[in-house]
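Encoded as structure tokens, the structure appears first; notes follow it.
For the numbers below, each heavy atom of this structure counts, side chains included, while hydrogens, waters and symmetry mates do not.
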Amino acid sequence: MTRIPTVGVFALQGDVREHLRMLGRLGVEAIGVRREAELDRCDGLVIPGGESTTMFKLARTFDLFEPIRQRSKDGLPVFGTCAGMIMLADRIEDGTPDQETLGGLDITVRRNAFGRQVDSFEGDLDFAGLDDPVHAIFIRAPWVEEAGPDVEVLARVEEGAAAGRIVAVRQGSLMATSFHPEVGGDDRVHRLFLDLID
Ligand code: GLN
């Protein structure tokens, strides 16, 4: 791509600012997406962490749900982090009864999988495509309970009770992490996502 790509961050709910800041630092045009006209400008989209049950309702209310689903089906690269991973999953465990997802990733995610007592934890993970481990921050995070044959597993938890659980995946132009790569100064996971846009 010769022009600077425009990368949107779904901005109706969640930790939008951190993603915008990181994308801006990486030299793309980073915009918040609250309306379809903003989505139309995007060459890629990030769906941030937040609360997936609120996110899908707001996306419906603001007429963004179907447009995002359609664009991502048509090949728009989309990166979901935490709640964003839930939004991209074809199947959810422990969702609310009415909870809908955009889907696209052939995975089952378990919401709040790491347990209610341990709301958040941190750990170093090997990440496919990166030479050095990523320091991952998990906040009421989901994990991937099961992944279909076309899903590439990018990272798993390495230690503790959740060892072996899948926490980062890619399938075609969709990518998702259970953790929050936008927190802290490490932009390597975002760079991998931007590679999908070129
Ligand atoms: N538990 C949240 C949900 O179900 C996700 C948490 C997060 O994004 N930090 O949407």
Handout entry: Atom pair NE2/CD of His180 and Glu18 - distance to nearest 0.5 Å
Key = 9.5 Å

Exercise for the section: Tell me whether Phe121 is reachable from Ile166 by hopping between hydrophobic residues (I, L, V, M, F, W, Y) whose side-chain heavy atoms are closer than 4.5 Å. Expected result: no

Practice task
Go through the steps for Glu182 and Arg21 under the test salt bridge (charged side-chain N to carboxylate O under 4.0 Å, His left out), then give the verdict.
Solution key: CA-CA 9 Å; Glu182 75 284 8; Arg21 197 175 302 139; over 6 Å; no

Handout entry: Side chain Glu159, main chain Gly123, donor-acceptor under 3.5 Å
Key = no

Practice task
Start with the C-alpha gap between Leu154 and Met175, add the side-chain angles, then the distance that decides, and say whether side-chain contact (heavy atoms from CB on, under 4.5 Å) holds.
Solution key: CA-CA 9 Å; Leu154 301 176; Met175 186 172 145; 4.2 Å; yes

Exercise for the section: Using the rule that two of Ile, Leu, Val, Met, Phe, Trp, Tyr join whenever any of their side-chain heavy atoms come within less than 4.5 Å, decide whether Val46 and Val134 are in one cluster. Expected result: yes

Fill in the blank from the handout: To the nearest 0.5 Å, atom CD1 of Ile68 lies from atom CG of Leu88 at 9.5 Å

Exercise for the section: To the nearest 0.5 Å, tell me how far Thr61 OG1 sits from Phe56 CZ. Expected result: 9.0 Å

Handout entry: Arg35 and Phe62: CA distance, side-chain angles, deciding distance, side-chain contact (heavy atoms from CB on, under 4.5 Å) verdict
Key = CA-CA 7 Å; Arg35 286 185 305 244; Phe62 287 82; over 6 Å; no

Handout entry: Intermediate values then yes/no, side-chain contact (heavy atoms from CB on, under 4.5 Å), Phe179 and Leu125
Key = CA-CA 11 Å; Phe179 58 90; Leu125 313 174; 3.6 Å; yes

Exercise for the section: State, yes or no, whether a side-chain contact exists between Met55 and Pro48 at a heavy-atom distance under 4.5 Å. Expected result: yes

Exercise for the section: Tell me, please, which residues at least two apart from Leu174 pass side-chain contact (heavy atoms from CB on, under 4.5 Å). Expected result: Ser72, Val78, Leu105

Exercise for the section: Report yes or no: does Arg188 contribute a side-chain atom to a donor-acceptor pair with the main-chain N or O of Pro133 at less than 3.5 Å? Expected result: yes

Handout entry: Glu158 vs Asp126 side-chain heavy atoms within contact, under 4.5 Å
Key = yes

Completion exercise
Gln70 meets the side-chain hydrogen bond (donor to acceptor under 3.5 Å, both in side chains) criterion, sequence neighbours left out, with Asp74

Handout entry: Gap separating the CD1 atom of Ile107 from the CE atom of Met85, nearest 0.5 angstrom
Key = 5.0 Å

Exercise for the section: Report the distance from atom OG1 of Thr177 to atom CD1 of Ile137, rounding to the nearest 0.5 Å. Expected result: 11.5 Å

Handout entry: Sub-6.0 Å ring centroid separation between Phe79 and His190
Key = yes

Exercise for the section: Calculate, to the nearest 0.5 Å, the distance between atoms CD1 and CG belonging to Ile86 and Leu102 respectively. Expected result: 12.0 Å

Handout entry: Salt-bridge contact Arg3-Asp43 (side-chain N to carboxylate O under 4.0 Å)
Key = yes

Handout entry: Test: Glu146 and Arg91 ion pair at under 4.0 Å
Key = yes

Practice task
Check the pair Glu122 / Phe138 against side-chain contact (heavy atoms from CB on, under 4.5 Å), numbers first and verdict last.
Solution key: CA-CA 6 Å; Glu122 305 184 16; Phe138 297 84; over 6 Å; no

Exercise for the section: Please indicate whether Arg60 has more than 12 foreign heavy atoms, meaning atoms of other residues, nucleotides or ligands, lying under 6.0 Å from its CZ. Expected result: yes

Practice task
Determine, for Arg69 against Glu66, whether the closest basic-nitrogen to carboxylate-oxygen distance falls under 4.0 angstrom.
Solution key: yes

